Participant: 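Take this structure first; my questions come after.
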Amino acid sequence: MAQAVLKSEKKGEELVVQPEVNIGTLGHVDNGKSTLVQALTGVWTARHSEELRRGITIRIGYADAFIYKCPKCRSPANYTTQPKCPNCGGEAKFKRAISFVDCPGHHSLMVTMLSGSALMDGALFVLASNVKCPQAQDREHLLAAESVGIKNLVMVQNKIDIIDKQRALENYKEIKSFLKGTIAEDAPIVPISAQHGTNTDLLLKEIEDRIPTPRRDLSASPRMYVLRSFDVNKPGTEIDDLVGGVIGGSIVQGKYQVGDEIEIKPGIPVQEGGKTKYEHLITTVRSLSVSKGHVQEARSGGLVGMGTELDPSLTKSDGLVGSVVGRVDGLPATLEKVTLDVKLFERVVGTELAVPVEKIRTNEALVLNVGTTVTSGIVTSAREDIADIALRKPVCAEKEAKVAISRRIADSWRLIGFGSLRF
Ligand SMILES: Nc1nc2c(ncn2[C@@H]2O[C@H](COP(=O)(O)OP(=O)(O)OP(=O)(O)O)[C@@H](O)[C@H]2O)c(=O)[nH]1
Ligand SMILES: [Mg+2]
Ligand SMILES: [Zn+2]
């Protein structure tokens, strides 16, 4: 395999600090998740032509925000994403850097939202106040958050610029009754206008209060989930100037240093005697980048770009999405078939009319999310609460890993339950 050489990169001039927590965005299509992320980070996460044309998020977007607090002014007006206090003009104190994992809300992209959910330490659950709450994917995202165990939620009542006070109160009641009996029952509800940046100071305060940075095990064998992968070379670059493949994702445990030898599983598909097999990759970390600059060491939490010595053709166009990065020989096995302990929901909540979930049948096709990996498979044997599934694309996962199970209903994949990997 051709090995590309990574050129030295200029160190970012601004503060190089690694984001320490991943905050997701949840909620129905068009509720304003990406607009809110833009209001807090300055970044419009949708970049692909189809996203721009259709006006919806299709791939998981990410962007970082820096939270500052003015020591002199009153709360919550002293919370800001700028180093200068908007109130008194004085110097605000840096609190922490956060990464947003901006998910799509469209009903056809539930499986993508689920792969983003694997990284979330907490989430902003964005609701549009001008429409009735809940919409179908509001219900489906909340159920997913509950099942994955995303407890730290802040509810965002968005688009208050286009409603009157009466509708605001009515919508507040709708939200309260939607949350009753769920993990978000006591979550704060922050009215905002993402488009006008109204009340974002209060939202930042709630993020600081409600979504703490989790304690991470830095001594654990490192593990990174790949969310995106790229070829950063411009077309026509001379071979000698090519830089190696770049992978973007989140380190979920441990840490990496520049120079580390890494293994990537399941890796890349190769054709062998008419069959597709996956081959793991071994390479070296050539650079680590976090939000505004490069670091020698990246720890778990937040989103990281990892430059490697891989041939960039392997990483281009998200070629390694769903893979897992670890220390050489430090990753679990790659599985081509799995056995799951299954717990199905009573109802499919992601459709307009919540229909009952039928049992899993032998020979049916299902889509599984394991970490940030999405794969499909055929059920080879379905017993009471246990299913054997032959996977189209293998997964690298540990015993008892949580698996989201989706079934095709009315032309799209709907979440029907969760499973736990028996092997
Ligand atoms: N009036 C008003 N419109 C808003 C506000 N926030 C977002 N919008 C509009 O709502 C539409 C959808 O916004 P997005 O931010 O793309 O919604 P989204 O939740 O990211 O949508 P998906 O990612 O496709 O699920 C856009 O036309 C926004 O301009 C707001 O605070 N007020
Ligand atoms: Mg969006
Ligand atoms: Zn101030």
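One is the number of the first residue; the rest follow in order along the sequence. These numbers come from a predicted model, not from an experiment. Note that ligands are numbered from 1 as they come in the structure, with each ligand's atoms numbered from 1 the same way.
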Participant: Atom 16 (O) of ligand 1: which protein heavy atom is closest, and how many Å away?
Facilitator: Trp44 CH2, 3.8 Å

Participant: Atoms of ligand 1 less than 4.0 Å from Gly32 heavy atoms?
Facilitator: 7 (C), 13 (O), 14 (P), 15 (O), 17 (O), 18 (P), 19 (O)

Participant: Could you check atom 9 (C) of ligand 1 against the protein and tell me its nearest heavy-atom contact, residue, atom and distance included?
Facilitator: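 Heavy-atom neighbour on the protein nearest atom 9 (C) of ligand 1: Lys159 NZ, 3.9 Å.
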
Participant: Report yes if some heavy atom in the side chain of Ile23 is under 4.5 Å from a heavy atom in the side chain of Asp121; otherwise report no.
Facilitator: no

Participant: Only heavy atoms of Ile56, strictly under 4.0 Å: list the atoms of ligand 1 that pass.
Facilitator: 24 (O)

Participant: List the closest protein heavy-atom neighbour of atom 24 (O) of ligand 1: residue, atom name, distance to the nearest 0.1 Å.
Facilitator: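 Checked against all protein heavy atoms, atom 24 (O) of ligand 1 sits closest to Thr57 N, 3.0 Å.
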
Participant: Heavy-atom pairs closer than 4.0 Å: do any link ligand 1 to the side chain of Ile162, the backbone, both, or neither?
Facilitator: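 Near ligand 1, Ile162 shows its side chain, while the N, CA, C and O stay back.
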
Participant: So which bit of Asn158 gets within less than 4.0 Å of ligand 1, heavy atoms only: side chain, backbone, both or neither?
Facilitator: side chain

Participant: How about Gln157 and Ser129: does a side-chain donor come under 3.5 Å of a side-chain acceptor?
Facilitator: no

Participant: For atom 20 (O) of ligand 1, what's the nearest protein heavy atom and its distance?
Facilitator: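 Its nearest protein heavy-atom neighbour is Ser34 N, 2.8 Å.
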
Participant: Between Arg228 and Asp318 (salt bridge meaning N to carboxylate O under 4.0 Å), is one present in this structure?
Facilitator: yes

Participant: Atom 29 (O) of ligand 1: which protein heavy atom is closest, and how many Å away?
Facilitator: Gln195 NE2, 2.9 Å

Participant: Does ligand 1 have a heavy atom under 4.0 Å from the side chain of Asp30, from its backbone, from both, or from neither?
Facilitator: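 It is both backbone and side chain that touch ligand 1.
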
Participant: How far is atom 18 (P) of ligand 1 from its nearest protein heavy atom, and which residue and atom is that?
Facilitator: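 Going atom by atom, the protein heavy atom closest to atom 18 (P) of ligand 1 ends up being Lys33 N, 3.4 Å.
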
Participant: Charged N to carboxylate O below 4.0 Å: is that the case for Arg167 and Glu174?
Facilitator: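 Looking at Glu174 together with Arg167, the answer is yes, because their closest N to O distance falls below 4.0 Å.
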
Participant: What protein heavy atom sits nearest atom 1 (N) of ligand 1, and how far away is it?
Facilitator: Asp161 OD2, 2.9 Å

Participant: Sorted by chain and residue number, which protein N/O/S atoms are under 2.8 Å from the Zn ion (ligand 3)?
Facilitator: Cys70 SG, Cys73 SG, Cys85 SG, Cys88 SG

Participant: Between Gly105 and ligand 1, is there a nitrogen or oxygen pair with a distance under 3.5 Å?
Facilitator: yes

Participant: Report the protein N/O/S neighbours of the Mg ion (ligand 2) that fall below 2.8 Å; do not count waters.
Facilitator: Ser34 OG, Thr57 OG1

Participant: Return the residue, atom name and 0.1 Å-rounded distance of the protein heavy atom closest to atom 28 (C) of ligand 1.
Facilitator: Thr35 OG1, 3.8 Å

Participant: Would you say the side-chain atoms of Ser34 and Thr57 include a donor-acceptor pair closer than 3.5 Å?
Facilitator: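 Yes, because at least one side-chain N or O of Ser34 sits under 3.5 Å from a partner of the opposite role on Thr57.
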
Participant: I'd like to know if Lys205 and Asp209 make a salt bridge, using a cut-off of under 4.0 Å between side-chain N and carboxylate O.
Facilitator: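 Judged by the 4.0 Å cut-off on N to carboxylate O distance, Lys205 and Asp209 do form a salt bridge.
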
